[in-house]
Amino acid sequence: MDSHHLLLLIQSPNLSGELKTYLRAHNYHVDCAQNDSDLLRLALRHRPDLILLGVSAPDAGLSAILRSLRADANSSPMPVILLGDDDTD
């Protein structure tokens, strides 16, 4: 069985680590981007099946990331799920 390829950009180290561990344990291939430009570079290079994008409010860069992904014909069909990324606990 082929594993699905996911790309994460989550600012919270706790949430990012937990998601990565959980998803890898369920046979997903997971790449983690360090910042916005890294996310775009990895998305275009590896064409993941899904992008999980942490949302830290307020995050002005979010709309720029989404516009950049949608503007490129190779990345526009990639689904993106936005996750709450509040690590105040």
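The figures here come from the full heavy-atom set of this structure, side chains too, leaving out hydrogens, waters and symmetry mates.
Residues Leu9 and Ile51 fail the side-chain proximity criterion, which asks for heavy atoms closer than 4.5 Å. In this structure, Leu19 and Ile10 have side chains that are in contact, with non-hydrogen atoms separated by less than 4.5 Å. Between Leu83 and Val55, every side-chain heavy-atom pair lies at or beyond the 4.5 Å cut-off. A heavy-atom distance below 4.5 Å is found between the side chains of Leu53 and Ile65.
Heavy-atom minimum distance, Leu7 versus Leu39: CD2-O, 3.6 Å. Closest approach of Leu42 to Pro48, counting heavy atoms only: O-CD, 4.4 Å. Taking each heavy atom of Val30 and Arg24 in turn, the nearest pair found is O-NH2, 2.8 Å.
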Practice item. Begin with the C-alpha distance, continue with both residues' side-chain angles, and end with the deciding distance and a verdict on side chain to side chain contact (heavy atoms under 4.5 Å, CB included) for Val80 and Arg70. Key: CA-CA 10 Å; Val80 177; Arg70 297 298 174 238; 3.8 Å; yes
Exercise for review: Verify side chain to side chain contact (heavy atoms under 4.5 Å, CB included) between Leu52 and Leu82, making sure each step is shown before the conclusion.
Suggested key: CA-CA 6 Å; Leu52 296 174; Leu82 305 177; over 6 Å; no
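The backbone N or O of Ala64 lies less than 3.5 Å from a partner atom in the side chain of Ser68, making a donor-acceptor pair.
Residues meeting the ring pair (Phe, Tyr, Trp, His ring centres under 6.0 Å) test with His5, sequence neighbours left out: His29, His46. Every residue two or more places apart in sequence or in another chain that forms a salt bridge (charged side-chain N to carboxylate O under 4.0 Å, His left out) with Asp38 is listed here: Arg41. For Leu6, the side-chain contact (heavy atoms from CB on, under 4.5 Å) partners are Leu23, Tyr28, Leu50, not counting sequence neighbours. Every residue two or more places apart in sequence or in another chain that forms a side-chain hydrogen bond (donor to acceptor under 3.5 Å, both in side chains) with Ser37 is listed here: Asn35.
Between atom CG of residue Leu8 and atom SG of residue Cys32 there is a gap of 4.5 Å, rounded to the nearest 0.5 Å.
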